[in-house]
Amino acid sequence: MFTLFTTIVSFLTAGVPKVLDFFQDKGDKKHELEMAHLQLTRELELQKAGFVQQAKIEEIKLDEIQTQTASAEQQALYTHDIEIGKGASQWAANLRGSVRPIVTYIFLLLMVVIEIGSFVYATNTGVPFATAIDKLWDQDMKTILASILAFWFGARSFAKK
């Protein structure tokens, strides 16, 4: 009887987070609906007053200022980088420029060595090939590799735009 009781209680308590999520979601949706209504009311009032075009002009000016600021910051960084490199030997300049790639190479080499070593250990202990691959090349490893590739090659696609 106690086993049946604990089973039922466990089953019911497993659903408590879903019930709480339901009420939270209901409250969130109500709040979002109220906010959308307030925003629509405000936009209609501004439109009546003729402020819509002025708001768009101000938004364009803000975008222009942000673009100019980002450009000036990038130029200042380039100037600072050039100033630091003046007077340094070519060897020091090359070493300074290769720190991040070297750290990346070391990390990837470490990752490959660990993966190969783990695979060899798994196959020597009788773990099936499919199981070993699933355990070694899991979602975490894919995420790490994707992050590294995105870091090095992802910025190039944004720079071209």
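Only this structure's heavy atoms are used, side chains among them; waters, hydrogens and symmetry mates stay out. Note that the structure is a prediction, hence the values are computed from the model and not measured.
- Between atom CD of residue Q74 and atom OG1 of residue T79 there is a gap of 10.0 Å, rounded to the nearest 0.5 Å.
- The hydrophobic cluster containing I144 also contains W137, counting ILVMFWY residues as joined when their side-chain heavy atoms lie under 4.5 angstrom apart, directly or transitively.
- Within 6.0 Å of CD on Q66 lie more than 12 heavy atoms contributed by other residues, nucleotides or ligands.
- Connectivity analysis of hydrophobic side chains (ILVMFWY, heavy atoms under 4.5 Å, direct or indirect) links L109 to V113.
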Begin with the C-alpha distance, continue with both residues' side-chain angles, and end with the deciding distance and a verdict on side chain to side chain contact (heavy atoms under 4.5 Å, CB included) for K86 and I82. CA-CA 6 Å; K86 286 185 179 176; I82 290 170; 4.1 Å; yes
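- You'll find the side chain of V103 stays beyond 4.5 Å of the side chain of F107, heavy atoms only.
- In this structure, L62 stands alone, with no Ile, Leu, Val, Met, Phe, Trp or Tyr side-chain heavy atom under 4.5 Å from its own, directly or through other members.
- Contacts of I102 classified as side chain to side chain contact (heavy atoms under 4.5 Å, CB included), with partners at least two apart in sequence or in another chain: S98, I106.
- Heavy-atom neighbours of E73 CD from other residues, nucleotides or ligands within 6.0 Å: at or below the threshold of 12.
- Side-chain contacts under 4.5 Å among hydrophobic residues (ILVMFWY), followed directly or transitively, place F119 together with F129, I133, L136.
- Taken to the nearest 0.5 Å, the CG atom of L95 stands 11.5 Å off from the CD atom of Q90.
- Checked by atom type and distance alone, the side chain of S118 never pairs as donor or acceptor with a backbone atom of E115 at under 3.5 Å.
- Take K30 and apply the salt bridge (charged side-chain N to carboxylate O under 4.0 Å, His left out) test, not counting sequence neighbours, and it matches no residue.
- Annotation: E34, atom CD; neighbour count of heavy atoms from other residues, nucleotides and ligands within 6.0 Å is above 12.
- Here the CD-NE2 distance, from Q75 to H80, works out to 14.0 Å after rounding to the nearest 0.5 Å.
- In this structure a side-chain-to-backbone donor-acceptor pair under 3.5 Å is present from T143 to Q139.
- Taking the charged nitrogens against the carboxylate oxygens, K29 and E32 have no contact shorter than 4.0 Å, which rules out a salt bridge.
- Under a hydrophobic-cluster definition in which Ile, Leu, Val, Met, Phe, Trp and Tyr are linked whenever side-chain heavy atoms come within less than 4.5 Å, directly or via other members, I114 and L108 are assigned to different clusters.
- For the pair D138 (side chain) and M141 (backbone), a donor-acceptor distance under 3.5 Å is present.
- Side-chain atoms of T131 do not come within 3.5 Å of backbone N or O of V127 as any donor-acceptor pair.
- Take K61 and apply the salt bridge (charged side-chain N to carboxylate O under 4.0 Å, His left out) test, not counting sequence neighbours, and it matches no residue.
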